[in-house]
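This report concerns only the one structure given below.
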Protein chains: 2
Amino acid sequence: MSKQRPVLTGTEATGCCSPLAEQPIAAADAADLAAAFKALGDPTRLQLVSLIASHAGGEVCVCDLTPRFAVSGPTISHHLKVLRQAGLIDCERRGTWVYYWAVPAMLTRLAGLLQVPQPAAVR
Amino acid sequence: MSKQRPVLTGTEATGCCSPLAEQPIAAADAADLAAAFKALGDPTRLQLVSLIASHAGGEVCVCDLTPRFAVSGPTISHHLKVLRQAGLIDCERRGTWVYYWAVPAMLTRLAGLLQVPQPAAVR
């Protein structure tokens, strides 16, 4: 678990990559980024990311997340681990509970990848 | 297969949804959109979308796609089917070959979902 909360905002996304529709993505980047999309490719995980990212104050106690789902606590923990390994969220333990926050740079990186450049979009 | 090429540009994305980081995504929307992210959650499929979306002229013959990958033609066909079912690409048969193009509205919809609203990004 990280001991530091992210300081990046959505405008400070890290390096790679150009939009998918601008130039073909390199194989190495595709392997890296497909893992992040795969993490989002589950309805519960997508809801978790959204609950965490949209939460007032920017972070959520796991104790506030699990009651919102019909699945078990360990299942939620597994989903949170997948999202953390994909770099979409991070967390910190404080006493009994673990607190989660979204990593805006990663969300912005993926959003940039999916953007459709305007000149290319005109058919 | 669709008989019509898309006329939407990237700025004309369809309805739902607010950015994940703006408000919690509804369960029904999460199920729908997770399927699209899952389709992108494979390195070969991510490369295929990028090759198709960035191709000069906006469409690609399947005959130009398969030679670019080490995997078999049927495997590429399977990946293309998954992407089409997710609404990310569409296609049309012309004679011997099938031609593929990206669906910019879907890419834009997913990009919008991942955008980080600026006020919420400042921690």
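All values below come from the heavy atoms of this structure, side chains included, with hydrogens, waters and symmetry mates left out.
- Judged by the 6.0 Å and 45° rule, A:Arg94 forms a cation-pi pair with A:Tyr99.
- Heavy atoms of A:Ala27 lying under 4.5 Å from chain B belong to its backbone as well as its side chain.
- Between chain B and the options A:Ala36, A:Ala26, A:Ala34, heavy-atom pairs under 4.5 Å are most frequent for A:Ala34.
- Per-residue counts of heavy-atom pairs under 4.5 Å with chain B were compared for A:Ile52, A:Thr44, A:Leu46; the largest is that of A:Leu46.
- Looking at A:Gln47, both its backbone and its side chain come within 4.5 Å of chain B, counting heavy atoms on both sides.
- Between the side chain of B:Arg45 and the backbone N or O of B:His79, no donor-acceptor pair lies under 3.5 Å.
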Decide yes or no on salt bridge (charged side-chain N to carboxylate O under 4.0 Å, His left out) for A:Arg109 and A:Asp32, but give the supporting numbers first. CA-CA 12 Å; A:Arg109 185 182 177 193; A:Asp32 182 30; 3.3 Å; yes

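- Rounded to the nearest 0.5 angstrom, A:Phe37 CZ and A:Leu113 CG are separated by 5.0 Å.
- With hydrogens and angles ignored, the 3.5 Å screen pairs a side-chain donor or acceptor of A:Ser77 with a backbone N or O of A:Gly73.
- Both the backbone and the side chain of A:Gln115 come within contact range of chain B, with heavy atoms under 4.5 Å apart.
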